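Report on one structure; see the data block that follows.
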Amino acid sequence: MAPATFPRAARLLTPRDFARLRSTSRRIGTRHLTAEVAPRDTGGARLGLAVSRKVSKSAVHRNRIKRIARDSFRRHRDALPAVDILVIARSSADHEDNLSLHAEFARLWQRIAALNGADAAGTMRD
């Protein structure tokens, strides 16, 4: 098994990346998370995170959610199609324990992998 890393190439970094994703993405939701997914031409999956102060006033709690998201993404990245993913946490995510959040992210990655890189036709944004 290859080491699970989170290289710079696997991150959404620029405001342009986030803006493109917000305008051309397909939404996938779970109980505590929403993901906006847009296909990419080349490369593997890339991850962006949005955990606002509305989720929790405590930076420690927001960082815990982001840390779990990155760890889970590292473990599941090879199974994901070539897509850009923006994970948006809901305020209910702050009240979940680490094990529940890991399970929630695993469900999200499964749903994204099931898209199989399909285009976003037929979404709410059309």
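Values in this document were obtained by computation on a predicted structure and should not be read as measured data.
With Arg111 contributing its side chain and Gly29 its backbone, the two residues share a donor-acceptor pair below 3.5 Å. Between the side chain of Ser72 and the backbone N or O of Ile68 there is no donor-acceptor pair closer than 3.5 Å. Between the side chain of Arg53 and the main chain of Arg62, no donor-acceptor pair closer than 3.5 Å is present.
For the pair Ser92 and His32, the minimum side-chain heavy-atom distance is below 4.5 Å. Residues Leu101 and Arg64 meet the side-chain proximity criterion, which asks for heavy atoms closer than 4.5 Å.
The two residues Ala45 and Pro81 come nearest to each other via the heavy atoms CB-O, 3.6 Å. Across every non-hydrogen atom of Ala89 and Ile65, the tightest pair is CB-CG2, 4.1 Å. Closest of all the heavy-atom pairs between Ala35 and Ile112 is CB-CD1, 4.2 Å. A pairwise comparison of heavy atoms in Ser25 and Ala38 identifies CA-CB, 4.2 Å as the closest pair. Closest heavy-atom contact between Ala79 and Ala113: O-CB, 3.7 Å.
Checking each of Ile85, Asp84, Val83, Leu13 against Arg46 for a side-chain contact (heavy atoms from CB on, under 4.5 Å) leaves exactly one that passes, namely Asp84.
In this structure, NE2 in His95 is found 8.0 Å from OG in Ser56, a value given to the nearest 0.5 Å. Note: Trp109 CH2 to Thr30 OG1 = 10.0 Å, rounded to the nearest 0.5 Å. The structure places CD of Gln110 at 10.5 Å from CG of Leu80, a figure rounded to the nearest 0.5 Å. Distance check: Arg90 CZ to Glu104 CD gives 8.5 Å after rounding to the nearest 0.5 Å. Note: Leu47 CG to Leu12 CG = 7.0 Å, rounded to the nearest 0.5 Å. In this structure, the separation between CG on Leu49 and CD1 on Ile88 is 10.0 Å, given to the nearest 0.5 Å.
With a 6.0 Å radius and a threshold of 12 heavy atoms from other residues, nucleotides or ligands, Arg31 has its CZ atom at or below the threshold.
By the 30° and 60° cut-offs, the orientation of the rings of Phe6 relative to Phe73 is perpendicular.
Taking 4.0 Å as the cut-off between side-chain N and carboxylate O, Asp71 and Arg67 do not count as a salt-bridged pair.
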